[in-house]
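Written below as structure tokens is the structure these notes are about.
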Amino acid sequence: MSKLGLILHRKPRHFHAHETARFDALSGVQLASFRQRAWAIVIDLLIVSVVQLIFGLHGCNHESHETGSITFAGLLMMAAHKIENLLEFTLYFAVLLKLGKGQTPGKKAMKVRVVSLTHEEISWWQSIERGLGYGASLLEGGFGFVQFFFARNQQCVHDRIAETIVVDERPEARRLGDETTEKEVMLLP
């Protein structure tokens, strides 16, 4: 039989879940609360805003606002500044999340960590996806953040985009063992 014949008549392939071991390793970890996550984002946004103020990153020209006329060039400049702002926030979250091994300064202060569902350590690509994913969560009118309350693993849109979860790293955080159920954890002091 020819090579082409062998290729066309080979045995069927089967799906092999490559994330199973990673999912098993993460099974039962305590997820971060909405309050922890919200405060972490607020802290990070404050840090970015302070850095922007210190370095004067957004000293844009407001001539069109002073004269009352809106020009096409003025609109283009406003759009450029919005894109700059988006890039600054995305870079902040992406770079610090990767270098902090899943923690930005806000996440570190709130004792939470972003954990990859597919890798042992969060990748650069996942960090960038999460940074851009915050924008996706906001574009839905903030509903991307509200999905935290409805999703099974408390994942917001940016978590699902990047295939991550946010875990609680406080000393009192409990890991759900094989013998403990979710209802029993709720009853523990």
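Only a predicted model underlies this, so the values are computations on that prediction, with no experimental measurement involved.
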Check the pair T164, L117 against side-chain contact (heavy atoms from CB on, under 4.5 Å), reporting the backbone distance first and the verdict last. CA-CA 5 Å; T164 58; L117 293 176; 5.7 Å; no
Decide side-chain hydrogen bond (donor to acceptor under 3.5 Å, both in side chains) for E163 and Q126; before the verdict, give the C-alpha distance in whole Å, the side-chain angles of both, and the deciding distance to 0.1 Å. CA-CA 7 Å; E163 296 179 311; Q126 285 177 308; 4.9 Å; no
When you look at F145 and I41, which way does the side-chain contact (heavy atoms from CB on, under 4.5 Å) test go after all the steps? CA-CA 11 Å; F145 292 105; I41 289 175; 3.9 Å; yes
Stepwise side-chain contact (heavy atoms from CB on, under 4.5 Å) test for I165 and V114: CA-CA 6 Å; I165 57 173; V114 176; over 6 Å; no
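Note on F89: it does not cluster hydrophobically with L132, by side-chain heavy-atom contacts below 4.5 Å among ILVMFWY residues. One hydrophobic cluster holds both L46 and V48 under the rule that ILVMFWY side chains link at heavy-atom gaps under 4.5 Å. Under the 4.5 Å side-chain heavy-atom criterion for ILVMFWY residues, no single connected hydrophobic cluster contains both L96 and V112. When the side chains of ILVMFWY residues are joined at heavy-atom separations under 4.5 Å, either directly or via intervening members, L99 and I122 end up in two distinct hydrophobic clusters. Put simply, F93 and I128 are part of two different groups of oily side chains (I, L, V, M, F, W, Y) that touch within less than 4.5 Å, one to the next.
Of the N and O atoms on the side chains of Q154 and D159, not one donor lies less than 3.5 Å from an acceptor on the other residue. For the residue pair Q147 and Q155, no side-chain donor N or O sits within less than 3.5 Å of a side-chain acceptor on the partner.
With rounding to the nearest 0.5 Å, the separation of CD in E172 from NZ in K111 is 9.0 Å. Here the CG-OG1 distance, from D44 to T104, works out to 3.0 Å after rounding to the nearest 0.5 Å. Once rounded to the nearest 0.5 Å, the distance linking CD1 of I47 with CD of Q52 reads 12.5 Å.
For the residue pair R160 and A151, the shortest heavy atom distance occurs at NH1-CB, 4.2 Å. Taking every heavy atom of both residues into account, L26 and S116 meet most closely at CD1-O, 3.6 Å. What you find for I43 and A109 is that their closest heavy atoms are CD1-CB, 4.1 Å.
Side-chain contact between F143 and C156 is absent, with no heavy atoms from C-beta onward closer than 4.5 Å. Here the side chains of E120 and R22 are in contact, with some heavy-atom distance below 4.5 Å. Residues V166 and V115 are not in side-chain contact: their nearest non-hydrogen atoms beyond the backbone lie 4.5 Å or more apart. Using a 4.5 Å heavy-atom cutoff, the side chains of S127 and V95 are not in contact. H81 has its side chain within reach of E84: a pair of non-hydrogen atoms, C-beta onward, lies under 4.5 Å apart.
Not counting sequence neighbours, W124 has no partner by the side-chain hydrogen bond (donor to acceptor under 3.5 Å, both in side chains) test. Every residue two or more places apart in sequence or in another chain that forms a side-chain hydrogen bond (donor to acceptor under 3.5 Å, both in side chains) with R113 is listed here: Q103, E169. Take Y134 and apply the side-chain hydrogen bond (donor to acceptor under 3.5 Å, both in side chains) test, not counting sequence neighbours, and it matches K107, R130. D168 pairs by the salt bridge (charged side-chain N to carboxylate O under 4.0 Å, His left out) definition with R170, not counting sequence neighbours. Take F148 and apply the ring-ring contact (aromatic ring centres under 6.0 Å, His included) test, not counting sequence neighbours, and it matches F34. Legend: residues meeting side-chain hydrogen bond (donor to acceptor under 3.5 Å, both in side chains) with K98, ordered by chain and number and at least two apart, are E121.
No donor-acceptor pair closer than 3.5 Å links the side chain of E88 to the backbone N or O of N85. A side-chain donor-acceptor contact under 3.5 Å links R175 to the backbone of S27. A side-chain donor-acceptor contact under 3.5 Å links T90 to the backbone of L86. In this structure, the side chain of S137 engages the main chain of G133 through a donor-acceptor pair within 3.5 Å.
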